[in-house]
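Heads up: numbering here begins at 1 and tracks the sequence. FYI, side chains are in, hydrogens and waters are out, and symmetry mates aren't considered; it's all heavy atoms of this structure.
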Amino acid sequence: MKLSPLTVPYRAVQKVSSLLIAAFFLGTSGTFPREFVVAGAGLGLLASVAYETAYYRRFEYDLTEDTFDIASGVVTRRNREIPYRRIQNVDVSRNVLQRLLGIAAVDLETAGGSSTEGSIRYVTAKEATRLQEEIPRRKARDTEAGGEAGGVTDAEAEADAAATGEERARTESDRGAETLFAIDPKELALVGALSFDARLVGLLLFLGSGSVPAVSGLVPDVSTLLITATGLLLGGVLLFGSWLLGAVVTVSNYWGFRLSRVGDELRYERGLFRRFSGSIPTEKVQSLTISDNPAKRLLGYASLTIETAGYTAGQGESGGSQSAVPLAQVDRVRDLARTVESFGEPEFTRPPGRIRVRYAFRYTLLVGLVTAVAGGVHAYFGLFERWYAPLALIALTPVAAHYKWKHRGFWLGPDHLVTRSGFWRRETKVVPYYRLQTVIDSRTVFQRRWEVATVVADTAGSGSLVGRDAVAYDVEEAVADYLHEELTEQLQRSLQERRERRRGRSLKSDDEFGPDTVASDEK
């Protein structure tokens with residue numbers, strides 16, 4: 001199958017747009033003759049069209065019996081075969097121009113990878129919708145077939161969760177979608193109000209630095225006194241503009257955000273100028289993270305991140321992680337989290353009270369270090385007349401230590417481990433026992449002196465690669481030993497229960513063949 005023919009002009013204009021901008025600045029600067037700049041831009045446009053034509057002719061994709069195949073490359077040929085059962089989800093995105101042209105971008109995310117495995121630029125909107133529905137259907141079929149044949153390991157079976165009749169039902173086109181969350185105008189406005197985009201600051205500094213002659217020539221010569229007098233005003237305008245830009249970008253990104261359940265799959269869509277849609281397979285969920293900060297807690301709001309193996313819902317093309325729910329009232333966030341994973345109401349066990357002394361001591365050392373640096377700068381450069389002022393912060397170290405201790409803890413539920421940590425950015429992580437990969441017990445030299453340890457519950461999620469696992473900080477050594485043993489036992493127990501449930505579903509499906517078949521088997 002081929003890309004949309006509109007791929008050629010769209011991609012060509014995309015690449016030449018930056019060249020045209022550069023040609024404009026070069027032509028207006030007088031550095032090069034305008035005829036030379038125009039000729040260069042024309043040759044660049046022709047080269048871009050020729051390359052994109054070759055790209056279009058040599059790009060092919062196909063849905064085979066077991067894999068999704070992509071063949072691409074103009075100079076270097078690349079052939080990829082992506083098994084359906086390894087595809088996490090299919091994301092479709094369309095900006096304003098793409099919607100006008102009737103084309104869409106399709107991204108395939110696979111388990112165990114934090115970046116896009118396959119990208120298709122671009123197909124018709126109808127074809128993108130077909131791929132988004134057909135690939136999950138074939139994945140469910142292949143996963144079920146693999147589970148029945150027994151050709152996968154236990155680890156793979158747990159990672160892929162053998163398909164059931166419910167999975168087949170969710171791929172049926174007549175299955176209705178249940179709306180779990182839809183962002184309301186108040187929440188969307190608050191998300192925008194809490195956003196800030198520094199790109200405007202960088203752009204204005206670049207334009208005013210003299211690097212662009214066409215722009216810098218328009219700036220009149222003014223006195224130093226006038227620059228000083230207007231500095232604060234311009235700075236305020238710049239900050240306001242950056243905040244306004246961040247608010248507009250954020251609101252446009254999360255405009256119309258909606259999270260729905262279709263069978264055993266969560267589907268999301270968002271975006272005003274560029275529309276995103278994708279899916280979150282619930283059987284792939286590794287952990288949930290409810291995050292907030294002092295301002296959000298004061299207003300009663302929080303965010304929710306749903307993380308799957310190697311992929312986080314809503315991430316962009318660059319693989320950056322974004323919140324599944326950007327901002328909502330904390331009760332709505334918790335209810336939604338319990339809809340995905342029924343983990344109950346946690347009762348956290350905090351670190352031992354004496355550990356607050358350790359935290360206060362660490363903060364005191366930090367204050368001492370800052371004071372020493374300020375004193376050194378004062379001694380050598382004469383700056384910071386009151387270099388000793390940071391010492392006043394020592395009075396606040398007990399308060400900071402208390403709040404650090406207060407917002408840490410863990411809870412062992414019937415089916416989930418829940419941890420909490422952080423004050424300025426507090427994260428509550430929910431991890432199903434059957435999603436645990438390893439349990440790590442670490443004890444530094446200083447922790448051993450305080451007879452405490454840290455227990456890390458590692459999952460297959462991409463967040464674990466950057467140190468965002470569920471962690472129980474500074475627990476008693478005896479409690480750490482108990483946690484390590486209990487989590488390991490819970491992992492094995494939950495895996496066994498899931499195997500038995502799958503076996504029961506398999507036997508139940510066998511009963512659908514009828515009593516005659518069973519009787520013949522008994523003979």
Hey, can you tell me if Y51 and Y55 have their rings parallel, tilted or perpendicular (30° and 60° cut-offs)?
-> parallel
Pair Y301-N293, side-chain donor/acceptor within less than 3.5 Å | no
Distance-only criterion, 3.5 Å: show the donor-acceptor pairs between side-chain atoms of residues 413-420 and protein atoms not counting sequence neighbours.
residue, atom, partner, partner atom, Å
H416, NE2, E341, OE1, 2.7
R420, NH2, K406, O, 3.2

Knowing that exactly one of I440, V455, T454 qualifies, which makes a side chain to side chain contact (heavy atoms under 4.5 Å, CB included) with V471?
-> T454
Sequence neighbours excluded, which residues qualify as salt bridge (charged side-chain N to carboxylate O under 4.0 Å, His left out) partners of R94?
-> none
Test side-chain hydrogen bond (donor to acceptor under 3.5 Å, both in side chains) applied to D66 - qualifying residues, sequence neighbours left out | none
Taking only residues two or more places apart in sequence, or in another chain, which ones meet T444 in a side-chain contact (heavy atoms from CB on, under 4.5 Å)?
-> R358, F446, Q447
All side-chain hydrogen bond (donor to acceptor under 3.5 Å, both in side chains) counterparts of E345, not counting sequence neighbours | R338
Across all chains, not counting sequence neighbours, the side-chain contact (heavy atoms from CB on, under 4.5 Å) partners of R258 are T179, A182, S260, E269
In chain order, what residues pass the salt bridge (charged side-chain N to carboxylate O under 4.0 Å, His left out) check against E134, with sequence neighbours excluded?
-> R137, R138
Results of salt bridge (charged side-chain N to carboxylate O under 4.0 Å, His left out) for R130 - residues two or more places apart only | E127
Qualifying residues under side-chain hydrogen bond (donor to acceptor under 3.5 Å, both in side chains), relative to Q496, sequence neighbours excluded = E500
In chain order, what residues pass the side-chain contact (heavy atoms from CB on, under 4.5 Å) check against E485, with sequence neighbours excluded?
-> E489
Would you please name every residue forming a salt bridge (charged side-chain N to carboxylate O under 4.0 Å, His left out) with R493, sequence neighbours left out?
-> none
Any salt bridge between E52 and R121, counting N to O under 4.0 Å?
-> no
Can you list the residues that meet the side-chain hydrogen bond (donor to acceptor under 3.5 Å, both in side chains) rule with Q437, with sequence neighbours excluded?
-> none
